[in-house]
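Report on the following structure.
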Amino acid sequence: MEYTITATCHFGVEAVLKREITDLGLKIKSTTDGRVEFYGQARDIFRANLFLRTAERVFVNLIEFEALTFEDLYQGIFAFPWADLLEEDANFIINGRSYKSKLFSISDCQRVTERAIIDKLNLSYNKSYYEKTGKIYSFEISMLNDQATLYLNTSGPGLHKRGYRKKQGAAPIKETLASAMIQLSVWNPDRDLLDPFTGSGTIPIEAAMIAKNIPSGILRRFDCEHFSFMNEVDFKAIRDEAFANINQNRPINIKGSDYDRNMIMTARENAASLKLDDIFFFTKEVRKIEDLGEYGVIITNPPYGIRLSDETLDRTYENFNSLIETIPTWSIYMITDYVIKDVIHREINKNRKLYNGKIKTYFYTMLGPRPPREDHV
Ligand SMILES: C[S@@+](CC[C@H](N)C(=O)[O-])C[C@H]1O[C@@H](n2cnc3c(N)ncnc32)[C@H](O)[C@@H]1O
């Protein structure tokens with residue numbers, strides 16, 4: 001059976017997610033802010049969870065209909081054959097959102113949706129009350145331009161929770177966003193990569209996972225693994241194949257540095273969760289980094305935001321600029337909300353708006369020259 005599947009992502013990285021979905025051999029249906037819809041079989045729902053590095057969650061679009069009143073909403077949800085999907089004690093929760101719709105009260109939409117599901121299940125299982133003691137299912141009822149869509153969350157907790165980040169610093173970047181930054185850059189596994197503000201090591205670890213073909217979800221489980229309609233899927237076979245395709249010995253030259261020794265220890269521990277002991281993490285103030293070679297790529301998430309004084313921030317970026325001036329052949333990518341143009345003395349080729357959670361940030365691109373061997377490509 002073919003499903004319509006929705007993967008959500010950070011605003012601004014839809015094009016990267018779309019490419020990842022296409023690379024899995026799946027057909028795109030549509031793209032909107034923070035969402036990419038595509039078609040796939042039950043096994044593709046699992047593959048999307050296991051492999052998509054920039055997806056935040058993967059949902060199945062269960063039902064779609066027009067709902068101008070709560071009665072419309074109730075009837076539309078009630079009409080679905082719920083006993084085919086849920087056990088008689090399924091423990092489900094309903095999240096909601098509403099935009100440009102007559103049914104704007106999200107809590108009422110959630111309540112009506114839940115009532116309709118419970119009424120239908122009680123009818124189907126011939127029961128008079130409902131006990132949520134079984135397996136967990138989470139849904140999202142979405143009202144958009146009076147169109148109701150009920151989504152089933154197949155991921156469970158957000159896919160940025162890869163399972164390798166045992167510890168983290170005060171301002172870690174989401175793994176999904178770190179991967180998007182890498183995929184938006186000119187870096188490829190044959191080039192050097194440095195994150196000089198590495199914190200818990202997220203950017204180097206995500207890059208090494210790409211280089212060695214380690215699936216983003218290899219250390220975790222997904223809610224869809226207990227869904228009855230996914231029984232036909234051989235999860236173990238797909239995981240085994242993904243393991244077999246990991247190229248752990250692929251040489252890499254990926255580095256991460258930070259002036260906080262404790263963060264470097266944390267980054268090393270996190271990398272060890274994936275046996276990525278060949279990422280070189282070292283303690284260093286950014287302006288003191290040297291011997292970097294040529295034609296590498298910096299991808300980084302320097303400090304920014306309200307927790308630091310302007311003076312401290314200015315100094316940090318000046319120090320970063322001192323490093324940048326020593327490596328004219330390197331390409332530099334950074335995500336920040338700090339206004340860098342007066343401090344970083346390199347031409348900015350692009351500044352893409354990206355949302356880091358609710359903070360509007362810019363992803364700056366400063367391209368270095370192409371490495372000589374790539375001139376012939
Ligand atoms: C926003 S955090 C990076 C978070 C990281 N991307 C992660 O996922 O954990 C910025 C990091 O820069 C480090 N840092 C701040 N100023 C520095 C400097 N002058 N030199 C080197 N590291 C610095 C901090 O210790 C902090 O870990």
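One-based numbering, in listed order, for ligands and for the atoms of each. Keep in mind that what you see is a predicted model, and the values were worked out from it rather than measured.
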Open item on the list: I'd like the residue list for ligand 1, meaning every protein residue with a non-hydrogen atom under 4.0 Å from the ligand.
Closed with: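 Residue list for ligand 1: R165, A171, P172, I173, P196, F197, T198, G199, S200, T202, D258, Y259, D260, M263, K284, E285, V286, N301, P302, P303, T316.
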Open item on the list: Just verifying a value: how many Å separate I94 CD1 and N153 CG, rounded to the nearest 0.5 Å?
Closed with: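 I94 CD1 to N153 CG: 12.0 Å, rounded to 0.5 Å.
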Task: salt bridge (Lys or Arg N to Asp or Glu O under 4.0 Å) evaluation trace for E225 with R239 - done: CA-CA 12 Å; E225 291 175 68; R239 269 212 178 84; 3.1 Å; yes
TODO: Using the rule that two of Ile, Leu, Val, Met, Phe, Trp, Tyr join whenever any of their side-chain heavy atoms come within less than 4.5 Å, decide whether Y259 and I298 are in one cluster.
DONE: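 No, Y259 does not connect to I298 through the hydrophobic network.
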TODO: Walk me through it: do K353 and Y362 pass the test side chain to side chain contact (heavy atoms under 4.5 Å, CB included)?
DONE: CA-CA 5 Å; K353 208 188 301 168; Y362 288 94; 4.1 Å; yes
Task: Nearest heavy atoms of T54 and C9, plus distance in Å - done: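 Nearest heavy atoms, T54 then C9: O-CB, 3.5 Å.
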Open item on the list: I'd like to know if D278 pairs up with K212 as an ion pair, taking the criterion as any Lys NZ or Arg NE/NH1/NH2 lying under 4.0 Å from an Asp or Glu carboxylate oxygen.
Closed with: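 So D278 pairs with K212 through a salt bridge.
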